Amino acid sequence: MLAGAVIVLPLVLLGGKGSSPSDPPPLATASATAAGGSAAPTTTATVDPLAAAKALAAKPATGPGVFDTSVGDFASHFVGNGDSGQVDGGAVPQITNGGKALTFAIPGGGERSESVPRLPEYHEGDDVWVHDVSTLHDLPVGTSTWQLVLQWHQNGDNGSPPIAIQAGGGRLRLANVGTDFQDLGAVGPDDTIDLVLHIHFSRSSGAAEIDVWRDGVPKVTNYHPPRGTLLDTGDYMKIGLYRDPSITQDSSMTTTRLVVGPTDASINATGITPR
């Protein structure tokens, strides 16, 4: 079934004998005749599969090997900020929203305000599913230069990461080592970005794979990045803002949910990852 399809289930059935070939077809909204001769209105119920899937995805994920910021103390899910090289000209990420979110802020001319989730390093052959929900605040999405909101970085310090989500030119894009952009749709300066990513890690382009869904809609499927998803011995995940310091606009981003697990089912995302 296609995501977003609507199923209409009539709860009051039509009474009486079946229609003859000469009879007009009954309308879906026809009324049943009550015992006293009065017409009883048809009652219908609508089921939106995508809405139901999003409700499931919003529930805490607690299976084996699953990381979910909605379970336990939000701050405990991240490595210490400000003392680990993840802040450069930006503010130290702050716990906000009553302890249920992490906000990254950068003034004009700043370069980085990021945090590292307490997740394992990923190596050749590893497979991971990620659900990220983050809200932008006055982000300069029209910029023509680089601006990252999520990335998997190689162990080496230099160069663009093998996997990055970027905002620029009014679009959200997946980048492989800063190139080979895959479009994820339009993005506004105050949008909430709801993404699910499936990543298979490999230095081989043929074996490496990335799939991306946005708001329950497939945007990138079976993508084999030319440079692979690993550039050296391993990748680690970073979340937050990292951008060209030539950008002069103040902006921030608030992450309200980050879930990581070995399968789509483990992070409650099966319904929002249609193929």
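These numbers were taken from a predicted model, which means no experiment stands behind them. Residues take their numbers from the sequence shown, with the count starting at 1.
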Task: Backbone of Ser76 reached by a side-chain donor or acceptor of Asp73 within 3.5 Å - done: yes

Task: Under 3.5 Å side-chain donor-acceptor pair for Asp138 and Ser251 - done: no

TODO: Could you verify whether a donor N or O on one side chain and an acceptor N or O on the other, from His200 and Thr229, lie under 3.5 Å apart?
DONE: no

Task: Heavy-atom closest pair, residues Pro107 and Gly90 - done: CD-CA, 3.9 Å

Task: Side-chain touch Val259/Phe67, heavy atoms, less than 4.5 angstrom - done: no

TODO: Verify side chain to side chain contact (heavy atoms under 4.5 Å, CB included) between Arg173 and Lys219, making sure each step is shown before the conclusion.
DONE: CA-CA 10 Å; Arg173 301 175 296 182; Lys219 293 295 183 179; over 6 Å; no

- [ ] Go through the side-chain N and O atoms of Thr135 and Thr254 and say whether any donor and acceptor fall under 3.5 Å apart.
- [x] no

Task: Sole candidate of Asp127, Ile210, Asp126 that passes side-chain contact (heavy atoms from CB on, under 4.5 Å) when paired with Phe201 - done: Asp126

Task: Where Val177 and Ser160 come nearest, the two heavy atoms and their spacing - done: C-CB, 3.6 Å

Open item on the list: Closer than 3.5 angstrom, by distance alone: can the side chain of Asp211 be matched with the main-chain N or O of Tyr223 as a donor-acceptor pair?
Closed with: no

Open item on the list: For the OH atom of Tyr236 and the OH atom of Tyr122, what is their distance to the nearest 0.5 Å?
Closed with: 13.5 Å

- [ ] Would you check if the side chain of Asp88 reaches a backbone N or O of Glu111 as a donor-acceptor pair within less than 3.5 Å?
- [x] no

TODO: Verify the cluster assignment for Val220 and Ile199: are they in a single hydrophobic cluster under the rule of side-chain heavy atoms below 4.5 Å apart?
DONE: yes

Task: Same cluster (ILVMFWY, side-chain, under 4.5 Å), Leu148 and Ile239 - done: no

Task: Test side chain to side chain donor-acceptor pair (under 3.5 Å) applied to Asp68 and Arg257, Lys59, His77, His131, the passing residue - done: Arg257

- [ ] Without swapping roles, check the side chain of Gln147 against the backbone of Thr145 for a donor-acceptor pair under 3.5 Å.
- [x] no

Task: Heavy-atom side-chain proximity of Ser115 to Phe104 below 4.5 angstrom - done: yes

Open item on the list: With a 3.5 Å distance limit and no angle check, can you tell me whether Asp244 reaches the backbone of Ser246 through a side-chain donor-acceptor pair?
Closed with: yes

Task: N/O donor-acceptor pair under 3.5 Å between Arg203 side chain and Leu231 backbone - done: yes

Task: Heavy-atom pair of closest approach, residues Val260 and Val128 - done: CG1-CG2, 3.3 Å

TODO: Please check if the side chain of Glu114 supplies one atom and the backbone of Val87 the other of a donor-acceptor pair under 3.5 Å.
DONE: no

- [ ] For Arg171, enumerate each residue passing the salt bridge (Lys or Arg N to Asp or Glu O under 4.0 Å) test, keeping only those at least two apart in sequence or located in another chain.
- [x] Asp183

Open item on the list: Please say yes or no: joined through hydrophobic side-chain contacts below 4.5 Å, possibly via intermediate residues, are Leu119 and Ile165 part of one cluster?
Closed with: yes

Task: Least distance between heavy atoms, Leu172 atom then Ala167 atom - done: CD1-CB, 4.3 Å

TODO: Give a yes or no answer on whether the side chain of Thr179 reaches the backbone of Asn176 with a donor-acceptor pair at less than 3.5 Å.
DONE: yes

- [ ] Test side chain to side chain contact (heavy atoms under 4.5 Å, CB included) on Ile106 and Asp250 and set out the steps.
- [x] CA-CA 6 Å; Ile106 299 184; Asp250 298 354; over 6 Å; no

- [ ] Determine, using the 4.5 Å side-chain heavy-atom cutoff (strictly less than), whether Val187 and Ile247 are members of one ILVMFWY cluster.
- [x] no

Open item on the list: Quick one: does any side-chain atom of Ser113 pair with a main-chain N or O of Ala91 as donor and acceptor, under 3.5 Å?
Closed with: yes

Task: Note, Pro189 side chain near Pro140 side chain (heavy atom, < 4.5 Å) - done: no

TODO: Could you check Val196 against Val212 for side chain to side chain contact (heavy atoms under 4.5 Å, CB included), going step by step and ending with a plain yes or no?
DONE: CA-CA 6 Å; Val196 174; Val212 184; over 6 Å; no

Open item on the list: I'd like to know whether Leu230 forms a side chain to side chain contact (heavy atoms under 4.5 Å, CB included) with Gln154, so could you lay out the CA-CA distance, the side-chain angles of the two residues, the decisive distance to 0.1 Å, and finally the verdict.
Closed with: CA-CA 7 Å; Leu230 288 173; Gln154 64 272 26; over 6 Å; no

Open item on the list: Please report the interatomic distance CG(Leu50) to CG(Asp215), rounded to the nearest 0.5 Å.
Closed with: 8.5 Å

- [ ] Using only heavy-atom distances, determine whether the side chains of Glu124 and Ser202 contain a donor-acceptor pair under 3.5 Å.
- [x] yes

Task: Asp132 (side chain) donor-acceptor with Leu258 (main chain) under 3.5 angstrom - done: no

- [ ] Taking only Lys NZ, Arg NE, NH1 and NH2, and the carboxylate oxygens of Asp or Glu, determine whether Asp180 and Arg227 approach each other closer than 4.0 Å.
- [x] no

Open item on the list: Using every non-hydrogen atom in the two residues, find where Phe74 and Lys100 come nearest and quote the distance to one decimal.
Closed with: CE1-O, 3.3 Å

Open item on the list: Could you tell me if the side chain of Leu56 sits less than 4.5 Å from the side chain of Lys54, heavy atoms only?
Closed with: no

Open item on the list: Same cluster or not: Leu184 versus Val133, using hydrophobic residues (I, L, V, M, F, W, Y) connected whenever any side-chain heavy atoms lie under 4.5 Å apart?
Closed with: no

- [ ] Output the distance between atom CG (Asp235) and atom CE (Met237), rounded to the nearest 0.5 Å.
- [x] 11.5 Å

Task: Inter-residue atom distance Asp264.CG - Ile272.CD1, 0.5 Å rounding - done: 9.5 Å

- [ ] For Trp146, check ring pair (Phe, Tyr, Trp, His ring centres under 6.0 Å) against everything at least two apart and list the hits.
- [x] Tyr242

- [ ] Could you grab the distance from atom CG of Asn158 to atom NE2 of His153, nearest 0.5 Å is fine?
- [x] 8.0 Å

Open item on the list: I want to check something: taking the side chain as every heavy atom from C-beta on, are Phe78 and Leu102 in contact at a cut-off of under 4.5 Å?
Closed with: yes

Task: For the student: nearest non-hydrogen atoms of Ala208 and Pro225, plus distance - done: O-CD, 4.0 Å

TODO: Might you confirm whether atom CZ of Arg214 has over 12 heavy atoms from other residues, nucleotides or ligands at distances under 6.0 Å?
DONE: yes

TODO: Indicate whether the side chain of Gln151 and that of Gln166 have a donor and an acceptor atom separated by less than 3.5 Å.
DONE: no

Task: Gap between atom OG1 of Thr143 and atom CG of Leu139 - 0.5 Å precision - done: 9.0 Å

